[in-house]
Amino acid sequence: MRFFRHIVLTSLSASLLLANPYESKEEEIKSVIATGQKASSALLGELGGNLKKELEKGGALGAAKFCSHSAFELTQSVAAKQGQGVQIKRVSLKNRNAANAPLKDEAIVLESLEKLHVEGVMLPEYLVKQVDADTYKFYKPMLINKEVCLKCHGVVTDAALKAELHSTYPTDKAMGYKSGDLRGAVVVTIKK
Ligand code: HEC
């Protein structure tokens with residue numbers, strides 16, 4: 001009898017251990033962060049590599065045309081490689097492409113980051129928000145971190161480039177940035 005009680009108690013404590021909500025939550029968040037970092041790095045690598053190649057090939061105008069035609073699709077194709085339940089996008093409060101406008105919850109995060117950034121607070125590499133029981137959003141802040149960004153997001157003086165951007169994006173808000181400004185964020189949405 002004592003033997004059985006021992007077995008029951010041992011298996012009971014083992015299942016309690018497995019069900020420890022704190023431990024599993026910690027594991028879940030670790031996995032969300034790993035997925036977010038992998039997906040956002042893949043996207044930034046892909047976009048950065050293509051931008052460099054296109055700038056060398058066709059200058060700012062050629063590269064802008066390339067971005068217009070392919071940046072959004074490239075983002076979708078990187079997302080497709082991350083497995084089921086993972087979506088990636090870039091969002092900005094001053095978006096060029098209307099499809100990159102933030103949702104309400106994303107705008108709140110971007111506005112908070114912007115406030116901290118203008119106050120001189122160093123931004124974290126990433127932020128994670130649990131949106132509902134099954135969904136997390138991983139944010140990676142993006143700064144105007146290279147001179148080359150200003151060619152298309154600073155004060156654009158090249159008339160042909162300006163005309164091209166204006167005709168493709170009549171509601172373009174992504175100009176007038178300075179070096180070091182917060183440009184937006186990569187958002188990776190991860191469903192359990
Ligand atoms: C050759 C021109 C060009 C250069 C250089 C460039 N961009 Fe862009 N950028 C664009 C275009 C065009 C879009 C819109 C693409 C789309 O339709 O998704 C865009 C969109 C974005 C977006 C998505 C949000 C939005 O406004 O729609 C971010 C974030 C961004 N760029 C950041 C950067 C950063 C950071 C750099 C420097 C590393 C950079 N860009 C350099 C042309 C450029």
Side-chain angles (χ1 to χ4, degrees), residues 36-82 86-118 122-127 129 137-189:
Q37 278 180 318
K38 184 168 159 274
S40 56
S41 301
L43 176 64
L44 293 175
E46 184 79 16
L47 288 175
N50 276 288
L51 180 65
K52 190 163 178 271
K53 205 170 67 195
E54 296 298 322
L55 280 168
E56 282 162 8
K57 213 164 73 186
L61 184 60
K65 283 186 182 159
F66 172 81
C67 284
S68 305
H69 295 136
S70 309
F72 201 76
E73 286 74 24
L74 270 176
T75 307
Q76 302 308 104
S77 81
V78 171
K81 286 185 202 139
Q82 307 304 313
V86 180
Q87 288 171 348
I88 319 177
K89 59 180 179 177
R90 292 178 304 163
V91 292
S92 172
L93 292 169
K94 295 204 288 167
N95 51 295
R96 171 156 287 162
N97 188 336
N100 297 330
L103 296 173
K104 212 166 163 191
D105 61 317
E106 297 160 354
I108 292 171
V109 174
L110 290 177
E111 280 157 12
S112 308
L113 286 171
E114 178 67 26
K115 263 190 207 148
L116 293 172
H117 189 59
V118 296
M122 267 188 243
L123 297 186
E125 197 194 320
Y126 60 81
L127 297 94
K129 173 154 196 230
K137 283 189 184 178
F138 171 100
Y139 291 82
K140 188 176 184 75
M142 285 179 77
L143 301 179
I144 295 282
N145 58 353
K146 294 200 175 84
E147 273 303 300
V148 73
C149 309
L150 298 175
K151 275 188 197 275
C152 302
H153 295 298
V155 179
V156 178
T157 45
D158 181 324
L161 177 59
K162 220 169 154 174
E164 164 69 21
L165 289 173
H166 187 70
S167 74
T168 316
Y169 306 102
T171 59
D172 188 2
K173 290 180 262 178
M175 278 192 204
Y177 280 96
K178 294 185 299 300
S179 236
D181 281 351
L182 178 67
R183 176 68 183 87
V186 175
V187 180
V188 185
T189 304

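The structure presented is a predicted model; accordingly, all values stated were derived computationally and were not measured. Order of appearance sets the numbers: ligands from 1, and atoms from 1 within every ligand.
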Determine, stepwise, if the pair Asp105 / Lys137 fulfils salt bridge (charged side-chain N to carboxylate O under 4.0 Å, His left out). CA-CA 10 Å; Asp105 61 317; Lys137 283 189 184 178; 2.9 Å; yes

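The backbone N or O of Phe72 sits nowhere less than 3.5 Å from a side-chain atom of Arg90 that would complete a donor-acceptor pair.
Shown here for Pro102 and Ser92, the closest heavy-atom pair between the two residues is CD-O, 3.1 Å. Of all non-hydrogen atoms in Gly36 and Val188, the two that sit nearest each other are O-CG2, 3.9 Å. The two residues Ala63 and Leu55 make their nearest non-hydrogen contact at CB-CD2, 3.6 Å.
Side-chain contact, Gln82 with Gln87: no donor N or O sits under 3.5 Å from an acceptor N or O.
Classification of the His153-Tyr177 ring pair by plane angle, with boundaries at 30° and 60°, yields perpendicular.
Protein heavy atom at the shortest distance from atom 5 (C) of ligand 1 is Val148 O, 3.3 Å. Scanning the protein for heavy atoms near atom 20 (C) of ligand 1, the closest one is Arg90 NH2, 3.7 Å. The nearest protein atom to atom 16 (C) of ligand 1, hydrogens excluded, is given as Asn97 ND2, 3.4 Å; this is a heavy-atom distance.
Within 6.0 Å of CD on Glu147 lie no more than 12 heavy atoms contributed by other residues, nucleotides or ligands.
For Glu106 and Lys89, the salt-bridge test passes: some basic side-chain N is under 4.0 Å from an acidic carboxylate O. Classification of Lys52 and Glu56 as a salt-bridged pair holds, one side-chain N sitting under 4.0 Å from a carboxylate O.
The closest approach between a heavy atom of Gly184 and any atom of ligand 1 is not below 4.0 Å. In this structure, Val91 has no heavy atom closer than 4.0 Å to ligand 1. Within the structure, the closest approach of Tyr169 to ligand 1 falls below 4.0 Å when heavy atoms are considered.
Those atoms of ligand 1 with a heavy atom of Ala60 less than 4.0 angstrom away are 1 (C). Below 4.0 Å from some heavy atom of Leu143 lie the following atoms of ligand 1, by number and element: 35 (C). The Ala63 neighbourhood of ligand 1 comprises atoms 1 (C), with distances under 4.0 Å to a heavy atom of that residue. Proximity to Met142 (heavy-atom distance under 4.0 Å) selects the following atoms of ligand 1: 29 (C).
Excluding water, every protein N/O/S atom under 2.8 Å from atom 8 (Fe) of ligand 1 is given here by residue and atom: His153 NE2.
Annotation: side chain of Phe138 is in contact with side chain of Tyr126 (closest heavy-atom distance under 4.5 Å).
Of the options Leu74, Thr168, Asn100, the smallest heavy-atom separation from atom 23 (C) of ligand 1 is shown by Asn100.
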